[in-house]
Amino acid sequence: MRLRIINKLKYNYSYLAVIGFAILYLLFLSNNPTSDSFSYAYSSVHGEELLRPHHLLYCWICRVIYSLFAFTNIEPITIFQIFNAVMASATLLVLRRIIKRVNRDERFIFSAIVFCGSCFGFMRFATDNEAYILPLFFSLLAVYYLQTFLQENNILRLLKMSL
């Protein structure tokens, strides 16, 4: 079993980059949140202005996340930062799957993940309570399902992409 895991990582070491970035994002959450971050946190905690036109569903989803973890003694803004870090890692996983369908060279996939995961803008939004990681995740997920639909001609992928 252990040898199987080592062999799988040997040929898919780009997963290590995703795991590394997940740990990095979670360890270095922003200690200097922006005023927008506080505004989104306030809206999510108190249930006010949940459907903002420029960030349509972010505060509503954070409200759901907060209701799931409100029993902890963690500051609400920290809960939302952790949520963004997890979603940023999931975004990198979806990006890995998209790239893997186009180019199977593991060095290229690893390099692309390191390049995208270490960009300042991506890291900034992955570690702060900002609304930009979530739409990026869903956009890349739609691209992935479109890509699989075009390659496999599976109508279920088209329905997932539309959702």
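Scope of the values below: all heavy atoms of this structure, side chains included, with no hydrogens, waters or symmetry mates. All residue numbers refer to positions in the sequence shown, counting from 1.
A donor-acceptor pair shorter than 3.5 Å cannot be found between the side chains of Ser44 and Arg63. A donor atom on one side chain and an acceptor atom on the other are found under 3.5 Å apart for Tyr144 and Arg97.
Connection of Val114 to Leu27 is established within a shared hydrophobic cluster, with ILVMFWY side chains joined at heavy-atom distances below 4.5 Å, either directly or through further cluster members. Leu146 and Val143 end up in the same hydrophobic cluster when Ile, Leu, Val, Met, Phe, Trp and Tyr side chains are linked at under 4.5 Å. Residues Met123 and Leu136 are members of one and the same hydrophobic cluster, defined by side-chain heavy-atom contacts under 4.5 angstrom among Ile, Leu, Val, Met, Phe, Trp and Tyr. Under the 4.5 Å side-chain heavy-atom criterion for Ile, Leu, Val, Met, Phe, Trp and Tyr, Ile65 and Phe71 are members of distinct hydrophobic clusters. Cluster membership check: Phe69 shares its hydrophobic cluster with Leu50, using side-chain heavy-atom separations under 4.5 Å among Ile, Leu, Val, Met, Phe, Trp and Tyr.
Leu24 contributes atom CG, which lies 13.5 Å from atom CD1 of Ile19 (distance to the nearest 0.5 angstrom). If you take OH on Tyr145 and CZ on Arg157, they are separated by 6.0 Å, rounding to the nearest 0.5 Å. Note: Leu95 CG to Ile98 CD1 = 6.0 Å, rounded to the nearest 0.5 Å. A distance of 12.5 Å separates OH in Tyr42 from SG in Cys59, rounded to the nearest 0.5 Å. To the nearest 0.5 angstrom, Thr72 atom OG1 is 8.0 Å from Tyr66 atom OH. Between atom CD1 of residue Ile113 and atom OG of residue Ser118 there is a gap of 11.0 Å, rounded to the nearest 0.5 Å.
Counting only heavy atoms from C-beta outward, the side chains of Leu51 and Leu57 approach each other to under 4.5 Å. When side chains are defined from C-beta on, Leu141 does not count as touching Met161, because their heavy atoms never get closer than 4.5 Å. A heavy-atom distance below 4.5 Å is found between the side chains of Ile61 and Leu134.
Scored by the side-chain hydrogen bond (donor to acceptor under 3.5 Å, both in side chains) test, Glu152 finds Arg101 as partners (sequence neighbours excluded). Remark: Leu159 engages no residue in a side-chain contact (heavy atoms from CB on, under 4.5 Å) (not counting sequence neighbours). Taking Arg107 as the reference, Asp105 meet the salt bridge (Lys or Arg N to Asp or Glu O under 4.0 Å) condition, with sequence neighbours excluded. Qualifying ring pair (Phe, Tyr, Trp, His ring centres under 6.0 Å) partners for Phe28, counting only residues two or more places apart in sequence or in other chains: none. Residues satisfying the salt bridge (Lys or Arg N to Asp or Glu O under 4.0 Å) criterion with Lys100, sequence neighbours excluded, are Glu106. In terms of the side-chain hydrogen bond (donor to acceptor under 3.5 Å, both in side chains) criterion, residue partners of Ser43 (sequence neighbours excluded) are, by chain and number, Arg52. For Gln147, the side-chain hydrogen bond (donor to acceptor under 3.5 Å, both in side chains) criterion is met by no residue, not counting sequence neighbours. Qualifying side-chain hydrogen bond (donor to acceptor under 3.5 Å, both in side chains) partners for Tyr25, counting only residues two or more places apart in sequence or in other chains: none. Every residue meeting the ring pair (Phe, Tyr, Trp, His ring centres under 6.0 Å) condition with Tyr132, not counting sequence neighbours, appears here in chain and number order: His55, Phe125.
Smallest separation of non-hydrogen atoms from Ile133 and Ala126: CG1-N, 3.9 Å. Nearest heavy atoms, Val45 versus Pro76: CG2-CB, 3.4 Å. Residues Val64 and Ser67 share a closest heavy-atom pair of O-OG, 2.7 Å.
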* Asked: Can you list the steps and then say if Thr34 with Arg124 is a side-chain contact (heavy atoms from CB on, under 4.5 Å)?
  -> CA-CA 11 Å; Thr34 63; Arg124 177 181 177 270; 3.3 Å; yes

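Side-chain N or O atoms of Thr127 include none that pairs as donor or acceptor with a backbone N or O of Leu29 at under 3.5 Å.
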Residues 79-93, side-chain donor-acceptor partners within the protein, below 3.5 Å, at least two apart:
residue : atom : partner : partner atom : Å
Gln81   : NE2  : Ser30   : O            : 3.1
Asn84   : OD1  : Tyr58   : OH           : 3.4
Asn84   : ND2  : Tyr58   : OH           : 3.2
Asn84   : ND2  : Asp128  : O            : 2.7
Asn84   : ND2  : Glu130  : O            : 2.8
Ser89   : OG   : Ala85   : O            : 3.0
Thr91   : OG1  : Met87   : O            : 2.7

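Pairs passing the ring pair (Phe, Tyr, Trp, His ring centres under 6.0 Å) check and including a residue from residues 95-114, sequence neighbours excluded, read Tyr13-Phe110.
Its side chain within the 4.5 Å cluster rule, Phe38 clusters with Ile77 among the Ile, Leu, Val, Met, Phe, Trp and Tyr residues.
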